[in-house]
Engineer: 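So that we are looking at the same thing, I have put the structure below in structure tokens.
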Protein chains: 2
Amino acid sequence: MDTDKVFKALGDPTRRRLLDLLCEQNGQTLGQLCENLEMARQSATQHLEILEAANLVSTVRRGREKLHFINPVPLHEVYERWVRKFERQRLTLLHDLKKELEGE
Amino acid sequence: MDTDKVFKALGDPTRRRLLDLLCEQNGQTLGQLCENLEMARQSATQHLEILEAANLVSTVRRGREKLHFINPVPLHEVYERWVRKFERQRLTLLHDLKKELEGE
DNA sequence: ATAATATGCAGGTAAATACCTGCATGTCAA
DNA sequence: TTGACATGCAGGTATTTACCTGCATATTAT
């Protein structure tokens, strides 16, 4: 997994909106997705390319249409490998802060 | 929580590195953090300001030093409110894909 | 007091990013 | 086959971003 691509992809609100839309209804076409965004089709295409490069979205052609499917695996991997390690800190934060303020 | 600020903050590898450094040792000064980055102090300062604006880092002044503490709460909230909703999709993805390929 | 240290502030530049318009290609339906 | 439709491709621009240099301020130690 390319962690940087995943985080960069998630760093834009339009792309998170696209993932939201696919979460509501998976397998939407480019046109369908565009109806819910306030931007030109080409802009949406670029966002979808970034999501696809991050492996957050997979596509399948059906005739002249392109269907988009969400892939939640990278999200879960990001959580497993990156977010969880910080959760331990929640318990020790106040303790560390107090110690530091006391001059260690 | 400002979701956009959190995601934008996490979208940069230097800022994720800073969070990693704080995870290893909480409460580091700006100078300590800079020793582990290959960039000017002012650049690191800007990154830390972004992390602070996203509430991922809190700071405390001690004399002429500025101590930085990681705050994992926004990360956990991002996970709770945003990542979890996509996990359900993991089970239905293949099913949806198959249905779509068959022409629905 | 003064020198060293830690950080803050004010810009300036180059690259990345997000957006667009215009035209081309491929597919379906009448 | 021809017109309508869905998407692809090639640029162009304006904003944002990441980085820097130079100088200012505040704190500590001698």
Side-chain angles (χ1 to χ4, degrees), chain A residues 2-22 25-54 56-69 100-104, chain B residues 2-22 25-54 56-69 100-104:
Chain A
D2 188 327
T3 305
D4 193 50
K5 280 187 183 174
V6 174
F7 275 110
K8 283 243 171 72
L10 296 174
D12 181 90
T14 300
R15 292 193 281 272
R16 291 196 301 275
R17 176 102 178 93
L18 282 166
L19 291 179
D20 276 334
L21 290 170
L22 288 180
Q25 188 193 335
N26 213 358
Q28 292 187 69
T29 66
L30 173 59
Q32 285 178 300
L33 292 168
C34 283
E35 285 170 16
N36 293 284
L37 299 180
E38 284 143 10
M39 61 176 59
R41 174 179 54 83
Q42 286 80 353
S43 306
T45 300
Q46 289 184 333
H47 284 300
L48 286 165
E49 280 169 359
I50 290 169
L51 288 170
E52 202 170 346
L56 286 160
V57 162
S58 303
T59 60
V60 176
R61 282 211 82 114
R62 186 178 60 186
R64 61 185 164 183
E65 293 175 318
K66 188 171 185 178
L67 308 180
H68 297 78
F69 294 87
E100 282 295 333
L101 284 172
E102 287 166 356
E104 217 155 352
Chain B
D2 188 327
T3 306
D4 193 49
K5 281 187 182 174
V6 175
F7 275 109
K8 282 244 172 71
L10 296 174
D12 181 271
T14 299
R15 291 192 284 272
R16 292 196 301 276
R17 175 100 177 93
L18 282 166
L19 292 179
D20 276 333
L21 289 169
L22 288 179
Q25 188 192 335
N26 212 358
Q28 292 187 68
T29 67
L30 174 58
Q32 285 178 301
L33 292 169
C34 283
E35 286 171 15
N36 292 284
L37 299 180
E38 284 142 10
M39 61 177 58
R41 174 179 54 84
Q42 285 80 352
S43 307
T45 299
Q46 289 185 333
H47 285 300
L48 286 165
E49 281 169 359
I50 290 169
L51 288 170
E52 201 170 347
L56 285 161
V57 162
S58 303
T59 61
V60 176
R61 281 211 82 113
R62 186 178 60 186
R64 63 185 164 183
E65 293 174 318
K66 188 172 188 180
L67 308 180
H68 297 78
F69 295 87
E100 283 295 333
L101 285 172
E102 287 165 357
E104 214 155 351

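In what follows, chains are A, B, ... by sequence order, proteins preceding strands, each numbered from 1.
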Engineer: Please state how far atom CD in Gln46(A) lies from atom P in dT13(D), giving the value in whole angstrom units.
Structural biologist: 16 Å
Engineer: Could you tell me which non-hydrogen atom of Pro13(B) sits nearest to which non-hydrogen atom of Asp4(A), and how far apart they are?
Structural biologist: CD-OD1, 3.6 Å
Engineer: To the nearest angstrom, how far is Arg61(A) atom CZ from dA6(D) atom P?
Structural biologist: 12 Å
Engineer: Work out which heavy atom in Gly27(B) is nearest to a heavy atom in Leu22(B); give both atom names and the distance.
Structural biologist: N-CD2, 4.3 Å
Engineer: Please state whether the phosphate of dT17(C), meaning OP1 or OP2, lies under 4.0 angstrom from any side-chain nitrogen or oxygen of His47(A).
Structural biologist: no
Engineer: Arg62(B) has an atom CZ; how far is it from atom P of dA6(C), in whole Å?
Structural biologist: 12 Å
Engineer: Over how many whole Å does the gap from Leu48(B) atom CG to dC9(C) atom P extend?
Structural biologist: 14 Å
Engineer: Strictly below 4.0 Å: does Arg15(A) bring a side-chain N or O up to OP1 or OP2 of dA18(C)?
Structural biologist: yes
Engineer: What's the shortest heavy-atom distance between Val60(A) and Phe69(A), and which atoms?
Structural biologist: CG2-CE1, 4.2 Å
Engineer: Name the atoms and distances for all side-chain donor-acceptor pairs under 3.5 Å in residues 42-49 of chain A, with sequence neighbours left out.
Structural biologist:
residue: Thr45(A); atom: OG1; partner: Arg41(A); partner atom: O; Å: 3.0
residue: His47(A); atom: ND1; partner: Arg15(A); partner atom: NH1; Å: 2.9

Engineer: For the side chain of Arg64(B) and the base of dT5(C), is some donor closer than 3.5 Å to an acceptor across the two?
Structural biologist: yes
Engineer: For a quick test of reading the model, state the closest non-hydrogen atom pair linking Ala54(B) to Val6(B) and the distance between them.
Structural biologist: O-CG2, 3.7 Å
Engineer: Once you round it to whole Å, what is the distance between C1' of dA18(C) and CZ of Arg16(A)?
Structural biologist: 15 Å
Engineer: Just the rounded figure in Å: distance from P of dT17(C) to CG of Asp12(A).
Structural biologist: 11 Å
Engineer: Answer yes or no: is there a donor N or O on one side and an acceptor on the other, between the side chain of Asn36(A) and the main chain of Gln32(A), under 3.5 Å?
Structural biologist: yes
Engineer: What is the distance, to the nearest angstrom, from the NZ atom on Lys66(B) to the C1' atom on dT27(D)?
Structural biologist: 15 Å
Engineer: Quick check on contacts: within residues 32-43 of chain A, what sits under 4.0 Å from DNA chain C by heavy-atom distance?
Structural biologist: Met39(A), Ala40(A), Gln42(A), Ser43(A)
Engineer: Which whole-number value in Å describes the distance from Leu67(A) CG to dA6(D) P?
Structural biologist: 13 Å
Engineer: Taking the nucleotide of DNA chain D with the closest heavy atom to each, which residue, Lys8(A) or Thr29(A), is nearer the 5' end?
Structural biologist: Thr29(A)
Engineer: Which heavy-atom pair separates Glu52(A) from Thr59(A) by the least distance, and what is that distance?
Structural biologist: OE2-OG1, 2.9 Å
